[in-house]
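For ligands, and for the atoms within them, numbers begin at 1 and follow the listed sequence.
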Amino acid sequence: MNNLPVVVIGAGPVGLAAAAHLYDRNEDFLVLERGTKAASHIREWGHVQLFSPWEFNIDAVAKKLLQTTDWTEPELEKLPTGKELVEDYLEPLSALPQFTGKILYQAEVMAVSRKNKDKMKSTFREETPFVIYYRLNGKVTKVEAKAVIDASGTWSNPNPPFADGVWRMDEWKERITTIIPNVKEEVDKFKNKHVAVIGSGHSALNTLIDLTAIKEIYPETKLSWIVRKQQVQEAFGGEEADALAARGALGTKTHQLVDNGIVETYTGFYVEDIIEEGNSFTIRSTEGSEVVSVDEIIVNTGARPDFSYVSELRLDNDPAVESTPLLAPLIDPNLHSCGTVRPHGEKELRHPEPGFYIAGVKSYGRAPTFLLTTGYEQVRSIVAYLAGDIEAATKVQLKLPETGVCKVSPTPKEFQIIGVTSNGSSNSCCGC
Ligand SMILES: Cc1cc2nc3c(=O)[nH]c(=O)nc-3n(C[C@H](O)[C@H](O)[C@H](O)COP(=O)(O)OP(=O)(O)OC[C@H]3O[C@@H](n4cnc5c(N)ncnc54)[C@H](O)[C@@H]3O)c2cc1C
């Protein structure tokens with residue numbers, strides 16, 4: 001089995017970083033990417049500016065490989081857009097001569113199993129190759145692997161608007177927007193309309209800020225913001241206390257929009273139903289409140305992992321977070337908000353299926369606040385382990401910029417902000 005490659009699913013930033021580490025450790029590898037080019041998911045939000053500067057967005061081994069080419073390293077303190085992240089880093093990375101023939105595009109993974117062993121068969125699993133089925137040019141093909149790193153992200157599997165988490169009808173995905181729209185290119189869709197944004201994460205804040213630019217030119221535009229949080233302040237995060245200034249600024253700007261009445265906010269609003277009436281919608285909460293005459297609905301409620309193609313593998317996921325059980329308590333938003341995740345690597349990401357790992361944003365399951373730098377450390381550790389360097393795999397190091405917010409749960413129902421920490425302060429209540 002040792003002569004088989006490690007298969008990486010997804011050529012996003014974490015999948016490509018995994019490839020760089022595998023190359024660096026002389027491990028054979030093959031990356032299977034569904035899209036026609038690397039970083040297909042990020043291309044869909046290319047207009048959005050990242051809140052982490054370049055310093056945090058480039059994997060160290062990938063950088064080492066790029067420095068052997070004519071690549072120009074971006075200025076480390078600058079904030080790239082998604083498009084710049086792709087053009088100035090991920091495209092040159094995927095085009096490295098060392099990766100020639102090692103990344104297959106338009107190769108969508110359909111299933112992963114063990115050779116001649118379904119999930120029920122217990123004997124010699126760790127000595128049995130993985131078999132990965134993927135669709136290439138319309139044809140189902142298979143490849144064997146000694147290990148699999150699933151870095152396929154969650155972007156294409158958005159959460160629904162409904163508080164119970166159920167997508168009731170697939171048609172809803174067509175009728176409402178579930179991405180961060182490029183509003184500058186879709187002015188006609190939103191101008192002078194009543195637009196409701198559902199969700200309270202960074203994507204929702206980005207969307208609201210972008211829509212405000214339309215409202216400035218077309219004042220009839222009405223913006224409603226629907227959040228489950230009881231206090232809208234919780235959505236603003238650490239603001240100026242955030243160690244990532246651009247992430248803090250998202251909260252500060254949205255705070256101003258709310259204070260100035262530019263955005264009408266509906267808090268404690270658990271979406272129960274969306275009723276279509278002619279060309280407009282009524283959004284109804286579980287308690288019967290309504291937001292009426294809505295023309296456009298934008299759902300920015302996060303995304304969730306798709307485990308359908310790995311259902312023949314033995315996985316162990318936390319029942320709530322959908323990450324591995326060792327990682328879950330480190331990232332569960334019910335317990336944790338400061339943005340710092342204790343260093344974790346191969347050991348915390350292990351499943352009962354030896355040699356199979358989920359890395360990158362998918363490793364976080366449904367939890368928010370994933371940062372690229374976390375994913376890079378995950379794959380460094382996993383690849384070190386696969387290469388037999390247990391010492392390097394165990395020595396995980398991660399220093400993440402804190403959000404500047406800590407919270408605890410005084411009641412099971414809602415969490416309350418109890419303190420805003422200054423960068424590096426010791427009164428963190430997340431135990432970080
Ligand atoms: C709007 C937005 C802004 C963000 N800003 C920041 C930021 O400022 N800083 C930061 O650190 N993080 C940020 N993140 C979080 C995170 O870094 C990104 O989500 C990042 O793209 C995660 O990288 P990934 O490699 O894990 O997954 P992805 O980038 O999602 O890549 C997954 C790849 O897998 C492919 N794929 C999917 N399914 C299959 C399949 N079945 N077969 C083959 N290939 C498949 C996809 O086509 C894609 O290319 C942001 C996220 C979003 C959505």
> Between Trp54 and Tyr89, how do the two ring planes meet: parallel, tilted or perpendicular, split at 30° and 60°?
Replying inline: perpendicular

>> Does the plane of the ring in Phe370 sit parallel, tilted or perpendicular to the ring in Tyr364? Use 30° and 60° as the thresholds.
In response: perpendicular

At a 4.0 Å threshold, what atoms of ligand 1 neighbour a non-hydrogen atom of [X]?
| X | value |
| --- | --- |
| Ile42 | 21 (O), 29 (O) |
| Glu108 | 41 (N), 42 (N) |
| Ile180 | 1 (C) |
| Gly360 | 26 (O) |
| Trp155 | 53 (C) |
| Gly10 | 33 (C), 34 (O), 35 (C), 44 (N) |

> Under a 4.5 Å cut-off applied to non-hydrogen side-chain atoms, are Tyr218 and Phe190 in contact?
Replying inline: no

> Is the cationic atom of Arg114 (NZ for Lys, CZ for Arg) positioned less than 6.0 Å from the six-membered ring centroid of Phe130 and within 45 degrees of its normal?
Replying inline: yes

> Quick check: does Val14 get an N/O under 3.5 Å from an N/O on ligand 1?
Replying inline: yes

> If we only count N/O pairs under 3.5 Å, is Ser52 in contact with ligand 1?
Replying inline: yes

Close approach, [X] and ligand 1, non-hydrogen under 4.0 angstrom:
| X | result |
| --- | --- |
| Phe56 | no |
| Pro13 | yes |
| Ala38 | no |

>> Run Thr178 and Trp167 through side chain to side chain contact (heavy atoms under 4.5 Å, CB included) and show every step you take.
In response: CA-CA 12 Å; Thr178 55; Trp167 273 112; 3.7 Å; yes

>> Heavy-atom distances under 4.0 Å decide this one: backbone, side chain, both or neither, for Asp306 against ligand 1?
In response: neither

> atom 40 (C) of ligand 1: which protein heavy atom is closest, and how many Å away?
Replying inline: Val109 N, 3.7 Å

>> Using the ring centroid of each side chain, check whether His202 and Phe51 are separated by less than 6.0 Å.
In response: yes

>> Looking only at the aromatic ring of each residue, does the gap between the centers of Tyr309 and Tyr134 stay below 6.0 angstrom?
In response: no

>> Walk me through whether Tyr266 and Glu264 qualify under side chain to side chain donor-acceptor pair (under 3.5 Å).
In response: CA-CA 7 Å; Tyr266 297 82; Glu264 193 169 341; 3.2 Å; yes

> Among Tyr364, Trp45, Tyr105, whose heavy atom sits nearest atom 53 (C) of ligand 1?
Replying inline: Trp45

> Taking the minimum heavy-atom distance to atom 47 (O) of ligand 1, which of Glu33, Gln378, His202 ranks first?
Replying inline: Glu33

